[in-house]
Amino acid sequence: MNAPEQPSFLSLISGISDADKSMKVSFIPNERGNVLLCAVCTIFIISLIAANVLLNCTTRYNQASNQVRSWNEALYAAESGADIAFNQVRILATSNSLNAFSTSNGWTTSGTTYTSGTTTFGTNGLRTSETVDLFYTDPTSGNAWYRIRSKGTSPLQGLKRTGMDDRLSNGNRFVANGSTRGDGDTLLRKIDFKYDHFTATYGPTGDGTNKAIVAVSPAPQLNRRIELIVAPITPFEAAIKVSGNFYGLGSAAYIDSYRSSVGPYDPTVKTKPSDYRYADSQSGTVEIDNSTATIMGDIYGNLYTNGGTATKKTLNVHGTIDNNVPFTLDSFSIPSYLPTPQASPTRVNANTTVTPPAAGTARAPTVYLLSSFDKTLTINQNGSSDTYVAIHLTSDFTGAIDVKPGVHVQFFINGNVDVKARDIINETGYAGNLQFYSISPTDGSSQHININSPGNFVATFYAPSADFTMNGNPDVTGAIIAKSFYGNGNTSWHYDRSLDFLGDVTDYRIASYVEDIR
C-alpha cells in the first residue's frame, strides 16, 4: 500500500492545499464599494475642514487688511492736515501775514487759537481738521511759537470687528511708538464703531475737559492725531551767512564766538579747551550758498558751502568743512505788525535826540518813519524800563546812530548804507539791541552796505539782497547775513550765541513731532 501523499512545504506556509490551487479566488462587489465610499467620505471631510479654514483665513485677512489700510490712511490724513496748518504758520513770516488763517480758507479765530474746517480729499473719503494755537512768546524777541494739532480720519470698510492679532510684538513687549508695530497693531488702533472714544474719554482737546458722547459719521472709522511744535527761524544763526561770494577776512583776522548771557567776551577762551566757556567760543560759523569760499583768516567754527571748495587757508578752519549745505535767503520786506509811526521826527538832517513816549515791547515798539538820515540820531531809554524802537528809513543811511543802554532798536532801510564803523554806536554792548534790516528792492535794483574805517561796532545786519563790504581792521561783535561779503582787513569778529533766537522771524521750522496714541 502506498503511503499517503504529504503536503508540500509551500502549501503548509500559505495555508492552501495543493488541491485548492486549482480553485479561483473571488471578491464580493459590495466590499469594493465600501472601500470607495470610505475614501470619498474622508476626502469630503478633509475638504470641509480646508474650506472652513480658508473661509476663516480669508475673512480674517480681509478684515485685517482693511483695518491696516485705514490705520495707515488715517495717519496720512493727519500729516496732510499738519502740512496745511504749517503752511498757514509760514505765511506769518511773509509780507502776506495778514492772509494767514483767513476765513476764506475755512479758518476761525478765537484769541490766539485758529481752527480749520474739515477737509476731505482722496478717493477713500479721508478727512482732516486742525487746530493751531500760539502757546509761547519769547519775552525778548516777541517771536511766537505755535502748536499744531491735526486729526486724520479714515472710514473703515468691512464688518464692525477687529481682525488683527493681539499678540505682543518685539519679544512679548508692546512697543507703542516703535519702528515696527507688527502683531501688536490692534493694541494701538482705536476704532470708533459708533462713538468717538477720544472725546468721550479725554475731551475734544485731550485735556480731560468737555467730555461728551459724540456719534461718529460715517461709522465705523479710524482716527489718528499728531502734534507739531513749530519754532521761529530767526536770521542770526551764523556769524556770516551769504548767498553769493565770500572773500575774507584778512590773513591775521579771526571769527570766534561767545554767549553774552554767560558773561562778557574773553579773547583767550577760544584756545583753552579746559575753559567751561570753550564750547561757546567755537561757533563762529560761516555759511556760503555758493561754490566760491576764499578763506584768509581763522574761523573758530564751521564752514559750509553749496557744492563748493574752500580755497586759500583751509587749515585755518578749526571746525568742520562741509561742502554740501545749500540754503536760500528770502527777500525781506518790512513787518506788517508795526504800529503807526510817531508824528516826528520825519528826517534826521541835523543831530537829533529822541526819548520814546512809551517803553513799548518787541512786537509793539515806538515807530519813527524817516525820509532822510545823514546826521546823528540818539535814542534814549524811557525811564528805567527796556525801551523798544523801530525806525523805517525810506532812503539811504549815511548818518550815525547812538543807542543808549536799555534801548532795543530795529532799523529798517529801503536804500543803501555808507557809514564808518564809528558811526554805529551801541552803548548796550549787546549786538541784539541794534539790528539793521535792508528791505529788498522790488524793482530788481542793486543794494549795498559799505562800512569803512575807522572804528568798531556792535550790531547785526540782515540784508539778503545787499552786497556787504567792510574795510579796515574793526573789532566786530554781531552777525551779518547778506548776498555777498568782502572784507580784507584784519578784523576780529565775535558772534554772540545769544543771537540764535533773536531777530525778526524769517520762516518757521518743525521742532517736534509726536503722535497721540490714546
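Note that these values count all heavy atoms, side chains included, but never hydrogens, waters or copies made by symmetry. A quick note: this is a predicted structure, and the numbers were derived from the prediction, not measured.
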Check [X] against [Y] and note the closest heavy-atom contact, atom names and distance.
| X | Y | answer |
| --- | --- | --- |
| Ser484 | Asp467 | OG-OD1, 2.6 Å |
| Ser438 | Pro464 | O-CD, 4.2 Å |
| Gly142 | Arg363 | O-NE, 3.0 Å |
| Ala144 | Leu134 | CB-CD1, 3.5 Å |
| Leu499 | Tyr495 | CD1-CE1, 4.0 Å |
| Ser141 | Leu502 | CB-CD1, 3.8 Å |

What distance do [X] atom [atom1] and [Y] atom [atom2] have between them, rounded to the nearest 0.5 Å?
| X | Y | atom1 | atom2 | answer |
| --- | --- | --- | --- | --- |
| Asn426 | Phe457 | CG | CZ | 11.0 Å |
| Thr234 | Asp507 | OG1 | CG | 11.0 Å |
| Ile84 | Thr119 | CD1 | OG1 | 4.5 Å |
| Asp396 | Ile413 | CG | CD1 | 9.0 Å |

Over 60° means perpendicular and under 30° means parallel, so tell me whether [X] and [Y] are parallel, tilted or perpendicular.
| X | Y | result |
| --- | --- | --- |
| Trp145 | Tyr136 | perpendicular |
| Tyr146 | Tyr508 | perpendicular |
| Phe461 | Phe468 | perpendicular |

Under a 3.5 Å distance rule, please check whether [X] uses its side chain to pair with a backbone N or O of [Y] as donor and acceptor.
| X | Y | result |
| --- | --- | --- |
| Thr128 | Ala77 | yes |
| Ser257 | Ser283 | yes |
| Thr506 | Ile233 | yes |
| Tyr437 | Asp504 | yes |
| Asp322 | Tyr304 | no |
| Asp496 | Ser260 | yes |
| Ser395 | Ser371 | yes |
| Arg147 | Glu227 | no |

Check whether any side-chain heavy atom of [X] sits under 4.5 Å from a side-chain heavy atom of [Y], and report yes or no.
| X | Y | result |
| --- | --- | --- |
| Val354 | Pro345 | yes |
| Asp298 | Lys270 | no |
| Leu393 | Phe411 | yes |
| Ser385 | Asn382 | no |
| Ser116 | Trp107 | yes |
| Pro356 | Tyr368 | yes |
| Pro365 | Leu338 | yes |
| Pro235 | Gln435 | no |

Please determine which of [options] meets the side-chain contact (heavy atoms from CB on, under 4.5 Å) test together with [X].
| X | options | result |
| --- | --- | --- |
| Arg224 | Asp516, Thr153, Leu75 | Leu75 |
| Ile480 | Phe236, Tyr462, Trp493 | Trp493 |
| Ile240 | Thr285, Ile255, Ile288 | Ile255 |
| Ile449 | Thr469, Asp418, Val417 | Val417 |

Between Thr94 and Asn96, does a side-chain hydrogen bond (donor to acceptor under 3.5 Å, both in side chains) hold up when you go through it step by step? CA-CA 5 Å; Thr94 69; Asn96 296 320; 4.6 Å; no

His392 ring center within less than 6.0 Å of Phe412 ring center: no

Taking atom OH of Tyr76 as the centre, does the number of heavy atoms from other residues, nucleotides or ligands within less than 6.0 Å exceed 12?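 Counting neighbours around OH of Tyr76, 12 or fewer heavy atoms of other residues, nucleotides or ligands fall under 6.0 Å, so no.
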
